[in-house]
2 protein chains.
Amino acid sequence: MNKYNHPGVQYFQHVSEHCIHYMSIDGVIFGFSENQLKVLLLRWKGTDEWSLPGGFIYKLESVDTAAERVVQERTGLDKLYLKQFHVFGDANRYDQADTWRRTKMPLDGIKWSERTISLGYYALVNYSLVTPMPDLMTDECRWWNIPEVPGLLFDHNHIIDVALQSLRRELSDQPLNQLLPDQFTIPELQRLHECILGAPLDSRNFYKKMLASGQLERLPERRSGTSHKAPYLYRFQP
Amino acid sequence: MNKYNHPGVQYFQHVSEHCIHYMSIDGVIFGFSENQLKVLLLRWKGTDEWSLPGGFIYKLESVDTAAERVVQERTGLDKLYLKQFHVFGDANRYDQADTWRRTKMPLDGIKWSERTISLGYYALVNYSLVTPMPDLMTDECRWWNIPEVPGLLFDHNHIIDVALQSLRRELSDQPLNQLLPDQFTIPELQRLHECILGAPLDSRNFYKKMLASGQLERLPERRSGTSHKAPYLYRFQP
DNA sequence: GTATCTTTACGTACAACTTACGTAAAGCAA
DNA sequence: TTGCTTTACGTAAGTTGTACGTAAAGATAC
C-alpha cells in the first residue's frame, strides 16, 4: 500500500491540521465479565503490538468531549461514565523512535510533535453492551483480562496501572453499577471488588456491608445453574 | 509605553514561539499563617484585577517541571510539594474577550490560541519561607486569605474551589507539614484542618487523633504570650 | 490579690464501623 | 447416603469516631 493511501497516515494528516499538537487522550475502558476485570485494547495494523484506544482534541473542542468521542468510537456506547484521572506529561514518557517503529506506521512525512502530553481518562462500561471497533490504525479491538495484558506500545502499561490505582482509591464513591449488568448476584459484585482491589474479601463481611449500604434491591429470582447453592439476583436502586 | 516594549507582550511573543500552544499551567499556592489558609495571587499591571500565577510548557519540557518553574518563580522556593489536581479543558471556560480586556494587555498582534486547556497544580508551601514576586504581566504578588479572595480573572475562582476540594479529600494522606513551620502547636494544626475542611472540629477529639497518629513529637518548650494556657510545641517526626 | 473567663490537656462513655470466624441450608459429585 | 462447595445470615471482639466532662495554666477584670 502506498503510504499516502494508508488510512492511518491520512488520519494523522487530518489530526495534524485540525487537532491540538503535543496533546492526546488515552482511554482506559474497564469492563467486567465472567468474573474478570477487563480493558479494551487495539492491535495495530499488520503487527502483534497492542495499545490503549486514544485520540486527539480538536482545536475548539472540550477535552471531556474529546474523551467521550474516543470511547464512543471504540465501544459504540453513547452514554458513558468517564473520569479524568491523570496527566502523563513527562518529556520522555517512552522511547519514541522504538515505539513508532513497532507500530509500522509510515509517518516520516507527517508533521507531528516531538513529544506528547497525554490526558488519561478511564471509563466504566457495561461489557455486554459494547461492540469493540478498531480504528484507522488498527486491525483488531478486543477485551483483555487485566492480569493477562501483554507488553503494550507507548507507556500504556503504566497508564493502566495508574488508572487502576485511581479506581481502587475511589472504589467506594464510584458508580460500579456501570460495570455490571442490570441484574447480578452478590458473589459477582464481590469478584468485581476483588478484581479492582487485587485482594480477596471475606464473603460474610462483604454481604453484610453491601446489604447495609441500602443501595441494593433483592429480586425474587435466583441465578440458577452456575453454583452450588443458587444465589439471589440483585439490582442497584435509583 | 509602546506595546512592543511592554515586557508582558514580549513574554507572550517568547511563549508563542517556544511553548506548547493551547495549554497552560495554573498554580494554586497554599500557605498558612496567623491561623488563616491563604493563596498567592497576582495583580495585573495597571489594573485592580487579580489572578492565579500561571505559565506555559516548553515544547520539550516535562509538565511537572513546568509547574515547578511557575511556583518557584513566584515564591523563590526550590523544594516544593506540588500536586496535579485537575485539567480545566472546557471549550468555553470563561469569556475570553472580556477577560483579556480586563487585563489591559495589548495582545492583539500576538499569535495565540483561541482557547486554553489549563493544567491545575496545587502547592503546599511554608508561608514564612516565601518571597512573593510578581511576573512580567503583573505589578504585585501577595497572599490572600481564602475567604477574602476577590473576583478573579479567567475561571480562577473556580480553579481555587476545585483545588480546595481536592486538598480536602486528600487531607489525611497529604504532608500538611509542608504548610506549617518546623515547630507548631496542636491548636494551630487544628486551625489548619478547620480552614481546609471549612468546618470547626472538637478540640478534645482532635488532640486524641493527632497524638494517636504517632507522627508528632512533643518538644519541652511551650508557646508563650499568645494564649491563656501556653500550649506545647510539636514537630512532625521523620 | 482574688474572682472570673478562656484555652489547653487529658479523660470517660457510648455509638458506628471493621474484622474474624461460626453455621445451617442448598445444590453438586462420588 | 456421604462429603464438598457455595450461599446466606449471625455473633463476638476490636477499632475508630463522636459527644461531652473537667482540671490546670494563664490572661483579664475588679
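A note on names: the letters A, B, ... follow the listed sequences, proteins ahead of strands, and every chain is numbered from 1. Bear in mind that the values here come from a model prediction, so they are computed numbers and not experimental data. Because only heavy atoms are used, hydrogens play no part in the values below, and waters and symmetry mates are left out as well, while side chains stay in.
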Indicate the ring-plane relationship of [X] and [Y], choosing parallel, tilted or perpendicular according to the 30° and 60° boundaries.
| X | Y | value |
| --- | --- | --- |
| B:Phe154 | B:His156 | tilted |
| A:Tyr81 | A:Tyr122 | tilted |
| B:Tyr127 | B:Trp143 | tilted |

What's the [atom1]-[atom2] distance between [X] and [N], to the nearest Å?
| X | N | atom1 | atom2 | answer |
| --- | --- | --- | --- | --- |
| A:Tyr207 | C:dA25 | OH | C1' | 13 Å |
| B:Arg222 | D:dA24 | CZ | P | 13 Å |
| A:Phe206 | C:dA20 | CZ | P | 16 Å |
| B:Lys209 | C:dT8 | NZ | C1' | 20 Å |
| A:Tyr232 | C:dA25 | OH | C1' | 11 Å |
| A:His228 | C:dA30 | NE2 | C1' | 13 Å |
| B:Leu189 | C:dA9 | CG | P | 12 Å |
| A:Glu188 | D:dA8 | CD | P | 11 Å |

**OP:** Please confirm whether A:His158 and A:Tyr94 have ring centers closer than 6.0 angstrom.
**Re:** no
Side chain to side chain donor-acceptor pair (under 3.5 Å) against [X], all qualifying residues, sequence neighbours excluded:
| X | value |
| --- | --- |
| A:Glu221 | none |
| A:Arg204 | A:Asp202 |
| A:Asp139 | none |
| A:Thr99 | none |

Atom pairs, protein N/O to nucleotides 21-23 of chain D N/O, distance under 3.5 Å:
{"from": "D:dG21", "atom 1": "N7", "to": "B:Arg204", "atom 2": "NH1", "distance (Å)": "2.7"}
{"from": "D:dG21", "atom 1": "O6", "to": "B:Arg204", "atom 2": "NH1", "distance (Å)": "3.2"}

Original post:
In this structure, are over 12 heavy atoms from other groups packed under 6.0 Å from B:Asn92 atom CG?
Top reply: no
Original post:
By a strict heavy-atom criterion of less than 4.0 Å, which residues belonging to residues 190-202 of chain B are in contact with DNA chain D?
Top reply: B:Asp202
**OP:** For B:Asn145, enumerate each residue passing the side-chain contact (heavy atoms from CB on, under 4.5 Å) test, keeping only those at least two apart in sequence or located in another chain.
**Re:** B:Gln36, B:Lys38, B:Pro147, B:Glu148
**OP:** State which residues pass side-chain contact (heavy atoms from CB on, under 4.5 Å) with B:Asp64; sequence neighbours excluded, sorted by chain then number.
**Re:** B:Gln84, B:Tyr121
List every contact pair, protein side and nucleotides 11-16 of chain D side both N or O, where the distance is under 3.5 Å.
{"from": "D:dT11", "atom 1": "O4", "to": "A:Lys208", "atom 2": "NZ", "distance (Å)": "2.9"}

Original post:
Which residue pairs satisfy the ring pair (Phe, Tyr, Trp, His ring centres under 6.0 Å) criterion with at least one member in residues 180-213 of chain A, sequence neighbours excluded?
Top reply: A:Phe184-A:Phe236, A:His193-A:Phe206
**OP:** Report which part of the nucleic acid A:Arg218 touches: base, sugar-phosphate, or nothing (heavy-atom distance under 4.0 Å, all strands).
**Re:** sugar-phosphate
Original post:
Got a second to check how far B:Arg191's CZ is from B:Phe32's CZ, nearest 0.5 Å?
Top reply: 8.5 Å
Subject >> Pairs touching residues 228-238 of chain A that satisfy salt bridge (charged side-chain N to carboxylate O under 4.0 Å, His left out), sequence neighbours left out >> reply: A:Asp182-A:Arg235, A:Glu217-A:Arg235
Subject >> Axis bend over the full length of the helix from C:dG1-D:dC30 to C:dA30-D:dT1, computed from five pairs that close each end, to 10 degrees >> reply: 0°
Subject >> Nucleotide nearest A:Leu211 when distance is taken to its side chain, options C:dC28, C:dA9, D:dC9 >> reply: D:dC9
